[in-house]
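Below is one structure, written out as structure tokens, with a few remarks after it.
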Amino acid sequence: MTFSHSANGLSRPADNVVILDFETTGLSPNQGDRAIEIGAVKLQNGEIVGQFQQLMNPGFRVSSFIEGYTGISNNMLRTAPSCDVVMNEFADFIGDANLVAHNASFDQRFLDAELEQINRHYGGTFTCSMLIARRLYQDAPNHKLGTLVDYKNIYHNGVFHRALADSEMTARLWLVMLDDIKQQYGIETIPFALMMKLAKTPKAKIAALLSSYR
DNA sequence: TGCCAGGCCCTCTTTAGGGCCTT
């Protein structure tokens with residue numbers, strides 16, 4: 001007997017997800033850019049129960065801008081395993097979990113492109129912490145990950161623009177957002193589907209949406 | 001050779017333009 005993971009997945013709790021972050025050679029896989037690092041944390045019931053971090057060799061030299069931006073040098077990538085090897089392991093790590101990233105459209109493009117290269121697929125659904133933060137924290141100075149971490153007084157170790165560090169910060173931001181929604185709207189358990197709806201709901205209709213889940 | 005992202009969201013909008021986010 002089979003059933004649809006993706007259909008069932010939306011009713012899973014929103015604190016049961018994999019939160020991921022890519023470092024890449026640039027902004028667009030359509031322009032030939034590749035992943036150079038993947039970091040992710042797995043949350044179950046709001047607790048970190050697993051993590052994944054791996055550099056990967058894209059097969060060409062990265063620009064000096066990317067070396068400076070990420071701190072990942074061509075020398076570090078020279079001995080790293082290929083994207084194919086790493087992404088195959090990562091596909092096993094995420095399984096059919098629902099997925100979260102900060103500006104998820106970016107990470108989803110690279111995840112889709114890298115998995116297509118090795119004919120692997122995932123069964124979960126993406127949502128975006130940035131789109132939700134824009135709705136919940138309209139008074140924040142901006143909605144960059146680093147700014148939101150400071151705005152919400154979220155712990156960080158000072159490392160930015162590395163995949164595991166950014167995925168950990170995104171995970172903490174995600175949990176803070178879930179707590180803020182629970183406290184403000186009196187919701188006990190937030191399904192992933194509600195966070196997906198929230199990411200697409202016009203700001204003027206957010207209160208009505210969340211109040212209806214009480 | 002020279003090109004160089006894409007989706008969301010606001011507004012001086014919808015027959016459009018530009019800032020925000022991600023690397």
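Below, chains carry the letters A, B, ... as their sequence lines are ordered, and counting in each starts from 1.
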Detail all sub-3.5 Å separations between protein N/O atoms and N/O atoms belonging to nucleotides 1-3 of chain B.
none

I'd like a table of atom pairs between the protein and nucleotides 8-11 of chain B - only N or O on both sides, under 3.5 Å - with the distance next to each one.
residue: B:dC9; atom: OP1; partner: A:Arg135; partner atom: NH1; Å: 2.7
residue: B:dC9; atom: OP1; partner: A:Arg135; partner atom: NH2; Å: 2.2

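A:Asp33 comes within contact range of no nucleotide atom at all, as no heavy-atom separation falls under 4.0 Å. Residue contacts for A:Asp107: at a heavy-atom cut-off of 4.0 Å it reaches no nucleic acid atom on any strand shown.
Annotation: salt bridge (Lys or Arg N to Asp or Glu O under 4.0 Å) contacts of A:Arg61 (sequence neighbours excluded): none. Remark: A:Glu168 pairs with no residue by the salt bridge (Lys or Arg N to Asp or Glu O under 4.0 Å) rule, at least two apart or across chains. Looking at residues two or more places apart in sequence or on another chain, you find no salt bridge (Lys or Arg N to Asp or Glu O under 4.0 Å) involving A:Glu23. A:Thr25 meets the side chain to side chain donor-acceptor pair (under 3.5 Å) test with A:Asp33; sequence neighbours excluded. Partners of A:Asp92 under the salt bridge (Lys or Arg N to Asp or Glu O under 4.0 Å) rule, at least two apart in sequence or in another chain, are A:Arg120.
Clustering of Ile, Leu, Val, Met, Phe, Trp and Tyr by side-chain heavy atoms under 4.5 Å joins A:Val49 with none of the others.
Comparing the C1' positions of B:dG6 and B:dT23 gives a spacing of 13 Å, expressed to the nearest Å. Rounded to a whole angstrom, the distance from the P atom of B:dC12 to that of B:dC20 is 16 Å.
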What pairs of donor and acceptor atoms, side-chain ones from residues 177-187 of chain A against any protein atom, are under 3.5 angstrom apart with sequence neighbours left out?
residue: A:Asp180; atom: OD2; partner: A:Tyr137; partner atom: OH; Å: 2.5
residue: A:Asp180; atom: OD2; partner: A:Lys152; partner atom: NZ; Å: 3.0

Which atom pairs, donor and acceptor, lie under 3.5 Å between side-chain atoms of residues 188-198 of chain A and protein residues at least two apart or in another chain?
residue: A:Lys197; atom: NZ; partner: A:Tyr213; partner atom: OH; Å: 3.4

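With ring centers used as reference points, A:Phe106 lies 6.0 Å or more from A:His102.
Residue A:Leu145 has its side chain nearest to B:dT22 when only B:dT22, B:dG6, B:dT23 are considered.
In the region residues 50-74 of chain A, proximity to DNA chain B at under 4.0 angstrom, judged on heavy atoms, holds for A:Phe65, A:Ile66, A:Tyr69, A:Thr70. Contacts of residues 79-88 of chain A with DNA chain B (heavy atom under 4.0 Å): none.
Note that CZ of A:Phe22 and CD1 of A:Ile38 are 3.5 Å apart. Values are rounded to the nearest 0.5 Å.
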